[in-house]
Amino acid sequence: MIILSRILATEAGFDALLLPYRERADRIMVGMNVFLLIVCLLIAPYRNTYAAALLIGLPTLALAFGLMRSQPGALITRLYMGCAFMAYTGLIIHQTGGDIEAHFSAFGLIGILLYYRDWRTIAAATVFIYLHHLVLGYVQTLGVPVYVFDEPRFWTLFGLHVAYFLPFVGMMGYLAIWLRREGYESCQVIDLAEQIMQGNLMENPIPEGKLREMPLIAAVLSMKNRLLDLLRVMPVPAAVIRIDNQMIVSVNEAWQRMFGSRARYGLRFSDCEIWSEPHVWHDLMVRLQHASDKLLDKVEVALSDKDGLPILCELSLILHEDAQPVMAILTVEDITQRRRTEQIMQNLAYRDMLTELPNRVSLHDGLECAFKAWHEKAQPFGLIMLDLDGFKPVNDTYGHDAGDEVLQIVGKRLMQINRGNDMAARLGGDEFVVLLNGCVDVAAATAAAQRAIDAISQPLYLRGVAGEVKIGASAGVTHSSLDAPSIEGVFKQADEALYISKSNGKNRVSVFGAGQNVDMDAHS
Ligand SMILES: Nc1nc2c(ncn2[C@@H]2O[C@H](COP(=O)(O)OP(=O)(O)OP(=O)(O)O)[C@@H](O)[C@H]2O)c(=O)[nH]1
(Lines give C-alpha, C1' and ligand atoms only; values in the text may rest on other atoms or scores of the structure.)
Protein backbone atom coordinates (compact mmCIF):
# COMPACT_ATOMS: atom_id res chain seq x y z
CA MET A 1 0.00 0.00 0.00
CA ILE A 2 2.79 2.38 1.00
CA ILE A 3 4.76 1.41 -2.08
CA LEU A 4 1.73 2.01 -4.26
CA SER A 5 1.04 5.44 -2.80
CA ARG A 6 4.73 6.31 -3.21
CA ILE A 7 4.61 5.25 -6.86
CA LEU A 8 1.46 7.32 -7.40
CA ALA A 9 3.05 10.35 -5.72
CA THR A 10 6.13 10.02 -7.92
CA GLU A 11 3.92 9.71 -10.99
CA ALA A 12 2.03 12.85 -9.97
CA GLY A 13 5.37 14.66 -9.65
CA PHE A 14 6.46 13.56 -13.10
CA ASP A 15 3.07 14.46 -14.56
CA ALA A 16 3.16 17.95 -13.10
CA LEU A 17 6.66 18.65 -14.32
CA LEU A 18 6.26 17.12 -17.78
CA LEU A 19 3.02 18.96 -18.48
CA PRO A 20 4.61 21.39 -20.96
CA TYR A 21 6.01 18.44 -22.98
CA ARG A 22 2.68 16.71 -22.98
CA GLU A 23 0.62 19.73 -23.95
CA ARG A 24 2.85 20.06 -26.99
CA ALA A 25 2.52 16.33 -27.67
CA ASP A 26 -1.32 16.67 -27.67
CA ARG A 27 -1.10 19.14 -30.52
CA ILE A 28 1.29 16.89 -32.43
CA MET A 29 -1.00 13.91 -31.91
CA VAL A 30 -4.07 15.81 -33.14
CA GLY A 31 -2.08 16.92 -36.18
CA MET A 32 -1.13 13.30 -36.73
CA ASN A 33 -4.79 12.26 -36.44
CA VAL A 34 -5.75 14.78 -39.12
CA PHE A 35 -3.05 13.34 -41.36
CA LEU A 36 -4.19 9.75 -40.75
CA LEU A 37 -7.81 10.65 -41.46
CA ILE A 38 -6.74 12.11 -44.78
CA VAL A 39 -4.84 8.86 -45.51
CA CYS A 40 -7.95 6.85 -44.64
CA LEU A 41 -10.04 9.00 -46.98
CA LEU A 42 -7.48 8.63 -49.75
CA ILE A 43 -7.52 4.85 -49.45
CA ALA A 44 -11.35 4.71 -49.28
CA PRO A 45 -12.02 4.80 -53.08
CA TYR A 46 -9.85 1.74 -53.62
CA ARG A 47 -11.52 -0.40 -50.95
CA ASN A 48 -14.86 1.34 -50.85
CA THR A 49 -14.42 2.07 -47.16
CA TYR A 50 -15.87 5.61 -47.01
CA ALA A 51 -18.36 4.68 -44.30
CA ALA A 52 -15.70 3.19 -42.02
CA ALA A 53 -13.30 6.10 -42.63
CA LEU A 54 -15.94 8.71 -41.83
CA LEU A 55 -17.83 6.88 -39.08
CA ILE A 56 -14.70 5.97 -37.15
CA GLY A 57 -12.23 8.61 -38.30
CA LEU A 58 -14.29 11.77 -37.90
CA PRO A 59 -15.65 11.20 -34.35
CA THR A 60 -12.21 10.04 -33.27
CA LEU A 61 -10.68 13.26 -34.53
CA ALA A 62 -13.45 15.41 -33.08
CA LEU A 63 -12.97 13.90 -29.63
CA ALA A 64 -9.21 14.34 -29.89
CA PHE A 65 -9.73 18.04 -30.63
CA GLY A 66 -12.16 18.38 -27.75
CA LEU A 67 -9.82 16.75 -25.24
CA MET A 68 -6.84 18.71 -26.46
CA ARG A 69 -8.72 21.91 -25.74
CA SER A 70 -10.51 20.95 -22.54
CA GLN A 71 -7.86 18.79 -20.84
CA PRO A 72 -4.50 19.64 -22.35
CA GLY A 73 -1.73 17.31 -21.22
CA ALA A 74 -4.03 15.40 -18.84
CA LEU A 75 -3.75 11.63 -18.38
CA ILE A 76 -7.20 11.04 -19.91
CA THR A 77 -6.17 13.03 -23.02
CA ARG A 78 -2.92 11.09 -23.32
CA LEU A 79 -4.65 7.73 -22.99
CA TYR A 80 -7.23 8.77 -25.53
CA MET A 81 -4.64 10.09 -27.98
CA GLY A 82 -2.70 6.81 -27.80
CA CYS A 83 -5.86 4.82 -28.46
CA ALA A 84 -7.06 7.19 -31.20
CA PHE A 85 -3.75 6.79 -32.94
CA MET A 86 -4.19 3.03 -32.79
CA ALA A 87 -7.76 3.39 -34.09
CA TYR A 88 -6.45 5.13 -37.17
CA THR A 89 -3.65 2.64 -37.64
CA GLY A 90 -6.21 -0.14 -37.25
CA LEU A 91 -8.43 1.54 -39.81
CA ILE A 92 -5.61 1.90 -42.29
CA ILE A 93 -4.37 -1.65 -41.64
CA HIS A 94 -7.77 -3.10 -42.39
CA GLN A 95 -8.37 -0.80 -45.35
CA THR A 96 -5.12 -2.05 -46.86
CA GLY A 97 -5.87 -5.68 -46.10
CA GLY A 98 -3.51 -5.96 -43.15
CA ASP A 99 -0.31 -5.72 -45.17
CA ILE A 100 1.41 -3.04 -43.15
CA GLU A 101 -0.01 -3.94 -39.80
CA ALA A 102 2.92 -4.59 -37.49
CA HIS A 103 5.25 -1.95 -38.83
CA PHE A 104 2.65 0.68 -38.81
CA SER A 105 1.53 0.02 -35.27
CA ALA A 106 5.09 -0.18 -34.08
CA PHE A 107 6.03 3.16 -35.57
CA GLY A 108 2.88 4.65 -34.15
CA LEU A 109 3.76 3.43 -30.69
CA ILE A 110 7.27 4.85 -30.94
CA GLY A 111 5.79 8.25 -31.81
CA ILE A 112 3.42 8.19 -28.87
CA LEU A 113 6.20 7.10 -26.64
CA LEU A 114 8.57 9.85 -27.72
CA TYR A 115 6.00 12.58 -27.51
CA TYR A 116 4.35 11.67 -24.25
CA ARG A 117 7.18 10.04 -22.32
CA ASP A 118 4.49 8.06 -20.50
CA TRP A 119 4.38 4.28 -20.06
CA ARG A 120 0.62 4.39 -19.40
CA THR A 121 -0.02 5.71 -22.90
CA ILE A 122 1.99 2.83 -24.34
CA ALA A 123 0.09 0.34 -22.19
CA ALA A 124 -3.31 1.76 -23.20
CA ALA A 125 -2.37 1.89 -26.90
CA THR A 126 -1.13 -1.72 -26.77
CA VAL A 127 -4.25 -3.02 -25.05
CA PHE A 128 -6.30 -1.09 -27.56
CA ILE A 129 -4.50 -2.49 -30.58
CA TYR A 130 -5.03 -6.01 -29.28
CA LEU A 131 -8.61 -5.39 -28.29
CA HIS A 132 -9.60 -4.01 -31.64
CA HIS A 133 -9.39 -7.52 -33.09
CA LEU A 134 -11.91 -8.71 -30.59
CA VAL A 135 -14.15 -5.66 -31.00
CA LEU A 136 -14.01 -5.64 -34.76
CA GLY A 137 -14.41 -9.39 -34.78
CA TYR A 138 -17.54 -9.04 -32.66
CA VAL A 139 -18.95 -6.18 -34.67
CA GLN A 140 -18.38 -7.97 -37.89
CA THR A 141 -20.26 -11.03 -36.71
CA LEU A 142 -23.34 -8.80 -36.66
CA GLY A 143 -23.63 -8.84 -40.43
CA VAL A 144 -20.38 -8.23 -42.14
CA PRO A 145 -18.31 -11.30 -42.94
CA VAL A 146 -16.09 -12.19 -40.02
CA TYR A 147 -12.55 -12.39 -41.13
CA VAL A 148 -10.80 -12.42 -37.79
CA PHE A 149 -12.27 -15.32 -35.89
CA ASP A 150 -13.14 -17.15 -39.11
CA GLU A 151 -9.53 -17.29 -39.99
CA PRO A 152 -8.50 -20.89 -39.33
CA ARG A 153 -5.01 -19.79 -38.30
CA PHE A 154 -6.40 -17.13 -35.93
CA TRP A 155 -4.83 -18.41 -32.72
CA THR A 156 -1.54 -19.12 -34.46
CA LEU A 157 -1.49 -15.58 -35.83
CA PHE A 158 -2.60 -14.20 -32.51
CA GLY A 159 0.21 -16.06 -30.76
CA LEU A 160 2.71 -14.77 -33.29
CA HIS A 161 1.46 -11.22 -32.78
CA VAL A 162 1.78 -11.52 -29.04
CA ALA A 163 5.20 -13.15 -29.30
CA TYR A 164 6.37 -10.34 -31.53
CA PHE A 165 4.67 -7.48 -29.81
CA LEU A 166 5.08 -8.27 -26.12
CA PRO A 167 8.89 -7.90 -25.97
CA PHE A 168 8.57 -4.89 -28.23
CA VAL A 169 5.96 -3.34 -25.98
CA GLY A 170 8.02 -4.24 -22.90
CA MET A 171 11.04 -2.58 -24.43
CA MET A 172 9.04 0.53 -25.21
CA GLY A 173 7.53 0.56 -21.73
CA TYR A 174 11.02 0.59 -20.29
CA LEU A 175 12.03 3.28 -22.79
CA ALA A 176 8.99 5.34 -21.81
CA ILE A 177 9.98 5.20 -18.14
CA TRP A 178 13.56 6.07 -19.01
CA LEU A 179 12.53 8.96 -21.27
CA ARG A 180 10.06 10.21 -18.69
CA ARG A 181 12.83 10.28 -16.12
CA GLU A 182 15.15 12.03 -18.51
CA GLY A 183 12.48 14.55 -19.47
CA TYR A 184 11.75 15.13 -15.82
CA GLU A 185 15.41 15.67 -15.14
CA SER A 186 15.87 18.13 -17.96
CA CYS A 187 12.75 20.03 -16.87
CA GLN A 188 14.13 20.16 -13.33
CA VAL A 189 17.53 21.27 -14.58
CA ILE A 190 16.01 24.05 -16.67
CA ASP A 191 13.89 25.08 -13.71
CA LEU A 192 16.88 25.03 -11.40
CA ALA A 193 19.12 26.86 -13.85
CA GLU A 194 16.44 29.52 -14.28
CA GLN A 195 16.24 29.97 -10.53
CA ILE A 196 20.01 30.27 -10.31
CA MET A 197 20.08 32.77 -13.16
CA GLN A 198 17.41 34.71 -11.34
CA GLY A 199 19.73 34.80 -8.36
CA ASN A 200 17.54 32.71 -6.11
CA LEU A 201 20.13 30.60 -4.39
CA MET A 202 18.44 30.25 -1.04
CA GLU A 203 15.41 28.23 -2.07
CA ASN A 204 15.90 24.59 -2.84
CA PRO A 205 13.09 23.49 -5.15
CA ILE A 206 14.46 19.98 -5.59
CA PRO A 207 14.23 17.56 -2.72
CA GLU A 208 17.64 16.18 -1.88
CA GLY A 209 18.12 12.42 -1.94
CA LYS A 210 17.03 10.28 -4.82
CA LEU A 211 16.90 13.07 -7.38
CA ARG A 212 20.44 14.01 -6.56
CA GLU A 213 21.43 10.75 -8.19
CA MET A 214 20.45 12.22 -11.54
CA PRO A 215 23.75 13.43 -12.90
CA LEU A 216 22.55 16.64 -14.54
CA ILE A 217 20.63 17.74 -11.48
CA ALA A 218 23.53 16.78 -9.25
CA ALA A 219 25.89 18.88 -11.39
CA VAL A 220 23.62 21.93 -11.38
CA LEU A 221 22.93 21.53 -7.66
CA SER A 222 26.62 21.40 -6.91
CA MET A 223 27.14 24.53 -9.05
CA LYS A 224 24.39 26.25 -7.14
CA ASN A 225 25.81 25.17 -3.79
CA ARG A 226 29.23 26.43 -4.77
CA LEU A 227 27.74 29.83 -5.68
CA LEU A 228 25.82 29.82 -2.45
CA ASP A 229 28.95 29.00 -0.44
CA LEU A 230 30.81 31.76 -2.22
CA LEU A 231 28.07 34.23 -1.41
CA ARG A 232 27.91 32.97 2.16
CA VAL A 233 31.61 33.25 2.95
CA MET A 234 31.97 36.63 1.28
CA PRO A 235 32.83 39.02 4.10
CA VAL A 236 31.16 41.86 2.22
CA PRO A 237 27.36 42.11 2.56
CA ALA A 238 25.80 41.10 -0.76
CA ALA A 239 22.28 40.81 -2.15
CA VAL A 240 20.72 39.74 -5.43
CA ILE A 241 17.81 41.89 -6.55
CA ARG A 242 15.24 41.33 -9.29
CA ILE A 243 14.88 44.48 -11.30
CA ASP A 244 11.34 43.99 -12.64
CA ASN A 245 9.63 43.84 -9.23
CA GLN A 246 12.63 45.00 -7.16
CA MET A 247 12.43 41.98 -4.86
CA ILE A 248 15.44 40.85 -2.86
CA VAL A 249 15.93 37.24 -3.94
CA SER A 250 19.13 36.38 -2.07
CA VAL A 251 21.21 37.85 0.71
CA ASN A 252 24.32 36.55 2.42
CA GLU A 253 25.08 36.29 6.11
CA ALA A 254 27.17 39.47 6.18
CA TRP A 255 24.17 41.30 4.72
CA GLN A 256 21.87 39.88 7.36
CA ARG A 257 24.29 40.99 10.06
CA MET A 258 24.40 44.52 8.65
CA PHE A 259 20.73 45.14 7.84
CA GLY A 260 18.84 42.44 9.79
CA SER A 261 15.15 42.37 8.94
CA ARG A 262 15.21 45.87 7.46
CA ALA A 263 16.38 44.49 4.10
CA ARG A 264 15.61 40.80 4.18
CA TYR A 265 14.91 38.21 1.50
CA GLY A 266 11.50 38.73 -0.11
CA LEU A 267 11.17 42.47 0.58
CA ARG A 268 10.84 45.11 -2.11
CA PHE A 269 14.28 46.63 -2.13
CA SER A 270 13.13 50.21 -2.67
CA ASP A 271 10.82 49.86 0.36
CA CYS A 272 13.55 48.61 2.71
CA GLU A 273 14.14 50.83 5.71
CA ILE A 274 17.80 51.39 4.96
CA TRP A 275 17.68 54.44 2.71
CA SER A 276 18.58 57.88 4.00
CA GLU A 277 16.64 59.40 1.09
CA PRO A 278 13.73 57.65 -0.66
CA HIS A 279 15.01 58.30 -4.17
CA VAL A 280 18.54 56.89 -3.70
CA TRP A 281 17.77 53.45 -5.14
CA HIS A 282 15.91 54.90 -8.09
CA ASP A 283 18.82 57.26 -8.85
CA LEU A 284 21.27 54.37 -8.66
CA MET A 285 19.18 52.35 -11.11
CA VAL A 286 19.06 55.22 -13.58
CA ARG A 287 22.84 55.61 -13.36
CA LEU A 288 23.31 51.87 -13.74
CA GLN A 289 21.15 51.73 -16.87
CA HIS A 290 23.40 54.33 -18.47
CA ALA A 291 26.69 52.85 -17.26
CA SER A 292 28.55 51.48 -20.27
CA ASP A 293 29.49 48.13 -18.70
CA LYS A 294 26.42 48.02 -16.43
CA LEU A 295 28.62 48.36 -13.39
CA LEU A 296 28.56 51.05 -10.75
CA ASP A 297 31.59 50.71 -8.57
CA LYS A 298 32.16 52.25 -5.17
CA VAL A 299 29.29 54.69 -5.00
CA GLU A 300 29.17 56.41 -1.63
CA VAL A 301 25.71 56.36 -0.05
CA ALA A 302 24.40 57.02 3.45
CA LEU A 303 22.31 54.09 4.75
CA SER A 304 20.82 52.89 8.04
CA ASP A 305 21.98 49.67 9.67
CA LYS A 306 19.76 47.06 11.34
CA ASP A 307 19.34 49.29 14.42
CA GLY A 308 18.50 52.32 12.30
CA LEU A 309 21.90 53.93 12.96
CA PRO A 310 23.41 55.93 10.11
CA ILE A 311 26.29 54.28 8.25
CA LEU A 312 28.29 55.52 5.34
CA CYS A 313 28.55 52.82 2.69
CA GLU A 314 30.27 52.17 -0.57
CA LEU A 315 27.99 50.30 -2.99
CA SER A 316 29.02 48.26 -5.99
CA LEU A 317 26.18 47.33 -8.28
CA ILE A 318 26.26 45.14 -11.36
CA LEU A 319 23.38 44.51 -13.74
CA HIS A 320 22.79 41.10 -15.34
CA GLU A 321 20.70 41.73 -18.39
CA ASP A 322 21.27 38.33 -19.96
CA ALA A 323 18.93 36.68 -17.45
CA GLN A 324 15.17 37.15 -17.45
CA PRO A 325 14.06 38.82 -15.28
CA VAL A 326 17.01 41.19 -15.17
CA MET A 327 19.05 40.90 -11.98
CA ALA A 328 21.37 43.18 -10.09
CA ILE A 329 24.01 42.06 -7.62
CA LEU A 330 24.73 44.57 -4.92
CA THR A 331 27.63 44.59 -2.48
CA VAL A 332 27.85 47.04 0.38
CA GLU A 333 30.88 48.04 2.36
CA ASP A 334 30.51 50.00 5.57
CA ILE A 335 33.13 52.74 5.31
CA THR A 336 32.00 54.79 8.33
CA GLN A 337 35.04 53.77 10.34
CA ARG A 338 37.40 54.20 7.42
CA ARG A 339 36.12 57.70 6.71
CA ARG A 340 36.43 58.56 10.40
CA THR A 341 40.04 57.37 10.46
CA GLU A 342 40.79 59.24 7.25
CA GLN A 343 39.28 62.37 8.79
CA ILE A 344 41.46 61.93 11.87
CA MET A 345 44.53 61.41 9.69
CA GLN A 346 43.60 64.46 7.69
CA ASN A 347 43.17 66.47 10.84
CA LEU A 348 46.47 65.24 12.19
CA ALA A 349 48.22 66.25 9.01
CA TYR A 350 46.51 69.56 8.34
CA ARG A 351 45.06 70.78 11.63
CA ASP A 352 46.48 71.96 14.87
CA MET A 353 45.09 69.54 17.41
CA LEU A 354 44.91 72.02 20.28
CA THR A 355 43.08 74.91 18.60
CA GLU A 356 41.63 72.94 15.64
CA LEU A 357 42.88 75.73 13.39
CA PRO A 358 44.73 74.82 10.17
CA ASN A 359 48.41 74.18 10.91
CA ARG A 360 51.61 75.30 9.24
CA VAL A 361 51.21 72.77 6.38
CA SER A 362 47.68 73.98 5.55
CA LEU A 363 48.78 77.57 5.76
CA HIS A 364 51.61 76.87 3.36
CA ASP A 365 49.12 75.33 0.89
CA GLY A 366 46.76 78.29 1.30
CA LEU A 367 49.54 80.79 0.80
CA GLU A 368 50.73 78.91 -2.28
CA CYS A 369 47.27 79.33 -3.85
CA ALA A 370 47.11 83.00 -2.87
CA PHE A 371 50.59 83.63 -4.26
CA LYS A 372 49.67 81.97 -7.53
CA ALA A 373 46.37 83.88 -7.82
CA TRP A 374 48.26 87.13 -7.26
CA HIS A 375 50.78 86.39 -10.01
CA GLU A 376 48.36 84.85 -12.49
CA LYS A 377 45.18 86.84 -11.91
CA ALA A 378 46.37 89.80 -9.86
CA GLN A 379 44.17 88.77 -6.96
CA PRO A 380 45.66 90.51 -3.94
CA PHE A 381 46.19 89.00 -0.49
CA GLY A 382 47.48 90.09 2.89
CA LEU A 383 49.25 88.16 5.63
CA ILE A 384 49.17 88.91 9.35
CA MET A 385 51.61 87.24 11.69
CA LEU A 386 50.51 87.40 15.33
CA ASP A 387 52.43 86.61 18.48
CA LEU A 388 50.78 86.73 21.87
CA ASP A 389 52.14 89.20 24.40
CA GLY A 390 52.47 88.06 27.97
CA PHE A 391 51.56 84.47 27.29
CA LYS A 392 54.47 82.94 29.20
CA PRO A 393 53.35 84.42 32.52
CA VAL A 394 49.91 82.79 32.08
CA ASN A 395 51.63 79.45 31.67
CA ASP A 396 53.92 80.13 34.56
CA THR A 397 51.21 81.46 36.88
CA TYR A 398 48.22 79.24 36.13
CA GLY A 399 49.86 76.20 34.60
CA HIS A 400 50.22 74.67 31.14
CA ASP A 401 46.55 73.66 30.94
CA ALA A 402 45.46 77.23 31.46
CA GLY A 403 47.96 78.24 28.74
CA ASP A 404 46.37 75.67 26.43
CA GLU A 405 42.94 77.08 27.16
CA VAL A 406 44.17 80.55 26.29
CA LEU A 407 45.50 79.29 22.96
CA GLN A 408 42.13 77.62 22.26
CA ILE A 409 40.21 80.79 23.07
CA VAL A 410 42.53 82.85 20.87
CA GLY A 411 41.97 80.34 18.05
CA LYS A 412 38.17 80.67 18.41
CA ARG A 413 38.33 84.45 18.46
CA LEU A 414 40.40 84.50 15.30
CA MET A 415 37.91 82.22 13.59
CA GLN A 416 35.01 84.40 14.70
CA ILE A 417 36.44 87.56 13.16
CA ASN A 418 37.49 85.82 9.95
CA ARG A 419 35.73 86.64 6.72
CA GLY A 420 34.67 83.64 4.67
CA ASN A 421 37.74 83.27 2.50
CA ASP A 422 40.34 84.19 5.15
CA MET A 423 42.39 81.50 6.83
CA ALA A 424 43.48 81.71 10.45
CA ALA A 425 46.22 79.21 11.34
CA ARG A 426 48.44 78.39 14.28
CA LEU A 427 52.10 78.20 13.42
CA GLY A 428 53.08 76.75 16.80
CA GLY A 429 53.68 78.05 20.34
CA ASP A 430 51.83 81.33 20.73
CA GLU A 431 52.23 82.30 17.07
CA PHE A 432 49.23 82.64 14.77
CA VAL A 433 48.85 83.72 11.16
CA VAL A 434 45.88 85.08 9.25
CA LEU A 435 45.91 84.85 5.46
CA LEU A 436 43.61 87.50 3.99
CA ASN A 437 42.55 86.30 0.55
CA GLY A 438 41.36 89.13 -1.70
CA CYS A 439 42.52 91.81 0.75
CA VAL A 440 42.79 94.89 -1.47
CA ASP A 441 45.69 96.81 0.05
CA VAL A 442 48.05 97.32 2.96
CA ALA A 443 45.58 99.54 4.79
CA ALA A 444 42.88 96.85 4.72
CA ALA A 445 45.39 94.25 5.96
CA THR A 446 46.50 96.57 8.76
CA ALA A 447 42.90 97.15 9.82
CA ALA A 448 42.30 93.39 9.89
CA ALA A 449 45.41 92.92 12.05
CA GLN A 450 44.14 95.53 14.43
CA ARG A 451 40.79 93.75 14.67
CA ALA A 452 42.61 90.53 15.48
CA ILE A 453 44.62 92.21 18.27
CA ASP A 454 41.46 93.78 19.65
CA ALA A 455 39.67 90.43 19.68
CA ILE A 456 42.58 88.66 21.38
CA SER A 457 42.94 91.43 23.96
CA GLN A 458 39.40 91.01 25.27
CA PRO A 459 39.41 89.71 28.86
CA LEU A 460 39.68 85.92 29.21
CA TYR A 461 37.98 83.70 31.75
CA LEU A 462 39.72 80.40 32.33
CA ARG A 463 38.47 77.27 34.02
CA GLY A 464 39.62 77.15 37.63
CA VAL A 465 41.05 80.66 37.52
CA ALA A 466 39.33 83.35 39.55
CA GLY A 467 38.87 86.68 37.81
CA GLU A 468 39.80 87.72 34.34
CA VAL A 469 43.08 87.13 32.57
CA LYS A 470 44.46 89.67 30.18
CA ILE A 471 46.56 88.84 27.18
CA GLY A 472 47.68 90.91 24.24
CA ALA A 473 49.15 90.39 20.80
CA SER A 474 51.60 91.96 18.40
CA ALA A 475 51.16 91.79 14.64
CA GLY A 476 53.34 92.02 11.58
CA VAL A 477 51.59 92.66 8.29
CA THR A 478 52.57 92.24 4.68
CA HIS A 479 50.64 92.48 1.44
CA SER A 480 51.00 91.01 -2.03
CA SER A 481 51.60 94.51 -3.41
CA LEU A 482 54.88 94.56 -1.43
CA ASP A 483 56.21 92.08 -3.96
CA ALA A 484 57.73 89.26 -1.99
CA PRO A 485 59.74 87.06 -4.38
CA SER A 486 58.44 83.78 -2.92
CA ILE A 487 56.13 82.24 -0.36
CA GLU A 488 59.01 82.08 2.09
CA GLY A 489 59.60 85.74 1.27
CA VAL A 490 56.01 86.58 2.26
CA PHE A 491 56.51 84.81 5.61
CA LYS A 492 59.76 86.57 6.09
CA GLN A 493 58.23 89.99 5.43
CA ALA A 494 55.45 89.39 7.95
CA ASP A 495 57.95 88.02 10.45
CA GLU A 496 60.15 91.05 10.13
CA ALA A 497 57.19 93.36 10.63
CA LEU A 498 56.20 91.35 13.71
CA TYR A 499 59.70 91.69 15.04
CA ILE A 500 59.38 95.44 14.73
CA SER A 501 56.08 95.38 16.64
CA LYS A 502 57.67 93.34 19.42
CA SER A 503 60.72 95.59 19.52
CA ASN A 504 58.66 98.72 19.59
CA GLY A 505 56.78 97.77 22.72
CA LYS A 506 54.34 95.04 21.62
CA ASN A 507 50.54 95.27 21.36
CA ARG A 508 50.75 96.93 17.97
CA VAL A 509 50.68 96.39 14.22
CA SER A 510 53.71 96.93 11.99
CA VAL A 511 53.72 96.79 8.21
CA PHE A 512 56.65 95.31 6.36
CA GLY A 513 58.86 97.90 4.75
CA ALA A 514 57.21 100.79 6.47
CA GLY A 515 60.13 101.29 8.91
CA GLN A 516 59.82 101.96 12.59
CA ASN A 517 58.47 105.42 12.01
CA VAL A 518 55.27 104.20 10.44
CA ASP A 519 54.53 101.62 13.16
CA MET A 520 51.02 102.11 14.23
CA ASP A 521 50.31 102.19 17.92
CA ALA A 522 47.61 99.86 18.91
CA HIS A 523 44.74 100.93 21.09
CA SER A 524 45.62 100.18 24.61
N1 LIG B 1 50.34 76.05 27.29
C2 LIG B 1 51.10 76.03 26.23
N3 LIG B 1 52.19 76.71 26.15
C4 LIG B 1 52.96 76.72 25.07
C5 LIG B 1 52.57 75.94 23.94
N6 LIG B 1 53.50 76.13 22.96
C7 LIG B 1 54.41 77.00 23.47
N8 LIG B 1 54.09 77.35 24.74
C9 LIG B 1 54.71 78.23 25.61
O10 LIG B 1 54.49 79.56 25.17
C11 LIG B 1 55.48 80.38 25.62
C12 LIG B 1 55.93 81.26 24.46
O13 LIG B 1 56.95 82.11 24.92
P14 LIG B 1 56.99 83.65 24.67
O15 LIG B 1 56.55 83.90 23.24
O16 LIG B 1 58.29 84.13 25.09
O17 LIG B 1 55.88 84.16 25.63
P18 LIG B 1 55.43 85.64 25.84
O19 LIG B 1 55.23 85.80 27.26
O20 LIG B 1 54.20 85.83 24.99
O21 LIG B 1 56.60 86.51 25.32
P22 LIG B 1 56.51 87.60 24.21
O23 LIG B 1 56.18 86.96 22.92
O24 LIG B 1 57.89 88.20 24.21
O25 LIG B 1 55.46 88.54 24.63
C26 LIG B 1 56.57 79.44 26.13
O27 LIG B 1 56.56 79.50 27.55
C28 LIG B 1 56.19 78.09 25.64
O29 LIG B 1 56.56 77.08 26.56
C30 LIG B 1 51.40 75.18 24.02
O31 LIG B 1 51.00 74.48 23.10
N32 LIG B 1 50.70 75.25 25.16
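Just follow the structure's listing: the first ligand is 1, and inside any ligand the first atom is 1.
Near K502, meaning under 4.0 Å from any of its heavy atoms, are these atoms of ligand 1: 22 (P), 23 (O), 25 (O). Taking every heavy atom of G403 and a limit of under 4.0 angstrom, the matching atoms of ligand 1 come to 1 (N). Close approach of ligand 1 to P393 (heavy-atom distance below 4.0 Å) involves ligand atoms 19 (O). Close contacts between ligand 1 and D387 involve ligand atoms 23 (O) [criterion: under 4.0 Å to a heavy atom].
Checking S501 against S474 by side-chain atom types alone, no donor-acceptor pair falls below 3.5 Å. Side chain to side chain, T77 and D26 fail the donor-acceptor criterion of an N or O pair below 3.5 Å. Side-chain N/O atoms of Q408 and D404 include no donor and acceptor closer than 3.5 Å. Donor-acceptor pairing under 3.5 Å is lacking for the side chains of S222 and N225.
Looking only at protein heavy atoms, the nearest one to atom 9 (C) of ligand 1 is N395 ND2, 3.4 Å. Remark: minimum distance from atom 15 (O) of ligand 1 to any protein heavy atom is reached at D430 OD2, 3.1 Å. Counting only heavy atoms of the protein, atom 11 (C) of ligand 1 lies nearest to F391 CD2, 3.7 Å.
Distance screen at 4.0 Å: atom 26 (C) of ligand 1 has no protein heavy-atom neighbour inside the cut-off.
Looking at Q408 against ligand 1, nothing comes within 4.0 Å, counting heavy atoms. Counting heavy atoms closer than 4.0 Å to ligand 1, residue L388 contributes backbone atoms (N, CA, C, O) but none from C-beta onward. With a heavy-atom cut-off of 4.0 Å, V406 does not touch ligand 1 at all.
In plain terms, the two heavy atoms of Y350 and S362 that are nearest each other are O-OG, 2.6 Å. L414 and L386 make their closest contact through CD2-CD1, 3.8 Å (heavy atoms, listed as atom of the first residue, atom of the second, distance).
Which of R426, E405, E431, K392 comes nearest to atom 31 (O) of ligand 1 through a heavy atom is settled by distance: it is R426.
Within the model, atoms CG of D352 and CZ of R360 stand 11.0 Å from one another, a figure rounded to the nearest 0.5 Å.
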Take W255 and Y265 through the ring pair (Phe, Tyr, Trp, His ring centres under 6.0 Å) test and state the conclusion after the steps.
-> CA-CA 10 Å; W255 178 282; Y265 160 74; over 10 Å; no
